[in-house]
Amino acid sequence: MMIMSITIFFFFLSNLMMMMSMILSKKSFMDREKCSPFECGFDPKSMSRIPFSLHFFLITIIFLIFDVEIALIFPIITLFKMVNMLTWIKTSFFFIIILLIGLYHEWNQNMLNWTN
């Protein structure tokens with residue numbers, strides 16, 4: 001009986017907290033700036049065909065690719081003491097080779113040059 005009452009209490013408490021969060025998170029006013037999408041610093045309400053530099057987009061993609069690779073390399077550091085040394089070296093070299101191949105490809109395609 002005690003467990004049932006505790007369960008019901010937490011059920012109502014969680015529902016009360018969800019309702020309070022819904023009430024408190026309502027937008028109190030709508031203005032033009034908050035309702036409009038953010039478009040890379042450009043005003044979306046004005047001319048929509050403003051020339052956009054593709055180089056900024058490519059730099060962003062390069063950053064994301066190498067950022068994901070670095071995020072995959074970090075757990076390898078913690079596995080150093082847990083796994084066989086040969087397995088650790090093979091895995092580390094695999095990721096480093098992928099990074100170097102990607103860097104070479106970007107360099108070969110002249111995407112790393114700031115000026116065209």
Side-chain angles (χ1 to χ4, degrees):
M1 186 66 179
M2 181 72 168
I3 295 175
M4 183 69 163
S5 61
I6 290 174
T7 305
I8 293 172
F9 171 74
F10 281 114
F11 175 75
F12 284 119
L13 181 66
S14 64
N15 281 333
L16 178 70
M17 290 175 69
M18 284 190 286
M19 281 191 245
M20 286 179 58
S21 69
M22 283 176 39
I23 291 170
L24 293 175
S25 68
K26 294 275 184 186
K27 287 186 178 181
S28 59
F29 59 91
M30 306 286 270
D31 67 352
R32 181 174 180 246
E33 295 297 324
K34 288 192 177 186
C35 292
S36 67
F38 179 73
E39 298 289 339
C40 302
F42 296 113
D43 185 18
K45 305 289 187 213
S46 66
M47 195 169 101
S48 62
R49 300 291 179 208
I50 296 175
F52 180 74
S53 175
L54 188 62
H55 195 74
F56 288 111
F57 176 73
L58 290 175
I59 293 295
T60 304
I61 297 299
I62 291 169
F63 171 75
L64 287 175
I65 289 170
F66 286 106
D67 193 43
V68 168
E69 288 293 328
I70 295 298
L72 291 173
I73 286 177
F74 277 141
I76 292 175
I77 297 169
T78 60
L79 291 175
F80 180 69
K81 293 184 179 179
M82 295 181 209
V83 296
N84 185 5
M85 183 65 129
L86 186 61
T87 305
W88 186 83
I89 289 173
K90 285 180 183 179
T91 308
S92 300
F93 277 131
F94 175 72
F95 281 112
I96 291 172
I97 292 298
I98 288 176
L99 276 173
L100 290 175
I101 289 171
L103 183 63
Y104 175 73
H105 178 70
E106 299 295 332
W107 176 67
N108 195 23
Q109 297 293 318
N110 290 328
M111 291 185 192
L112 299 177
N113 294 337
W114 188 251
T115 58
N116 292 338

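What you are looking at is a predicted structure, and each value in this text was computed from that prediction instead of being measured.
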| note | dist Met18:CE -> Leu13:CG (nearest 0.5 Å) comes out at 10.0 Å

| Would one find more than 12 heavy atoms of other residues, nucleotides or ligands at under 6.0 Å from atom CG of Leu16? | yes

| Between Phe95 and Val83, is there a shared hydrophobic cluster once you connect ILVMFWY residues whose side-chain heavy atoms come closer than 4.5 Å? | yes

| said: Is there a side chain to side chain contact (heavy atoms under 4.5 Å, CB included) between Ile96 and Leu100? Walk through the geometry before answering. | reply: CA-CA 6 Å; Ile96 291 172; Leu100 290 175; 4.0 Å; yes

| said: Do Met85 and Ile76 sit in one hydrophobic cluster, given that two such residues count as connected whenever their side-chain heavy atoms are within less than 4.5 Å of each other, even indirectly? | reply: yes

| query | Hey, any chance Leu79 and Leu86 share a hydrophobic cluster, counting ILVMFWY side chains that come within less than 4.5 Å of each other, even indirectly? | reply | no

| said: According to a hydrophobic-cluster definition based on side-chain heavy atoms being under 4.5 Å apart (Ile, Leu, Val, Met, Phe, Trp, Tyr only), do Met17 and Phe9 belong together? | reply: yes

| Phe94 atom CZ, neighbour heavy-atom count above 12 within 6.0 Å | no

| query | Looking at side-chain heavy atoms only, is the closest gap between Trp88 and Thr91 below 4.5 Å? | reply | no

| request: Would you please test Leu99 and Leu103 for side chain to side chain contact (heavy atoms under 4.5 Å, CB included) and show each step? | output: CA-CA 6 Å; Leu99 276 173; Leu103 183 63; over 6 Å; no

| said: Just verifying a value: how many Å separate Ile6 CD1 and Met2 CE, rounded to the nearest 0.5 Å? | reply: 4.0 Å

| With hydrophobic residues grouped by side-chain heavy-atom distances under 4.5 Å, do Phe12 and Ile3 end up in a single group? | no

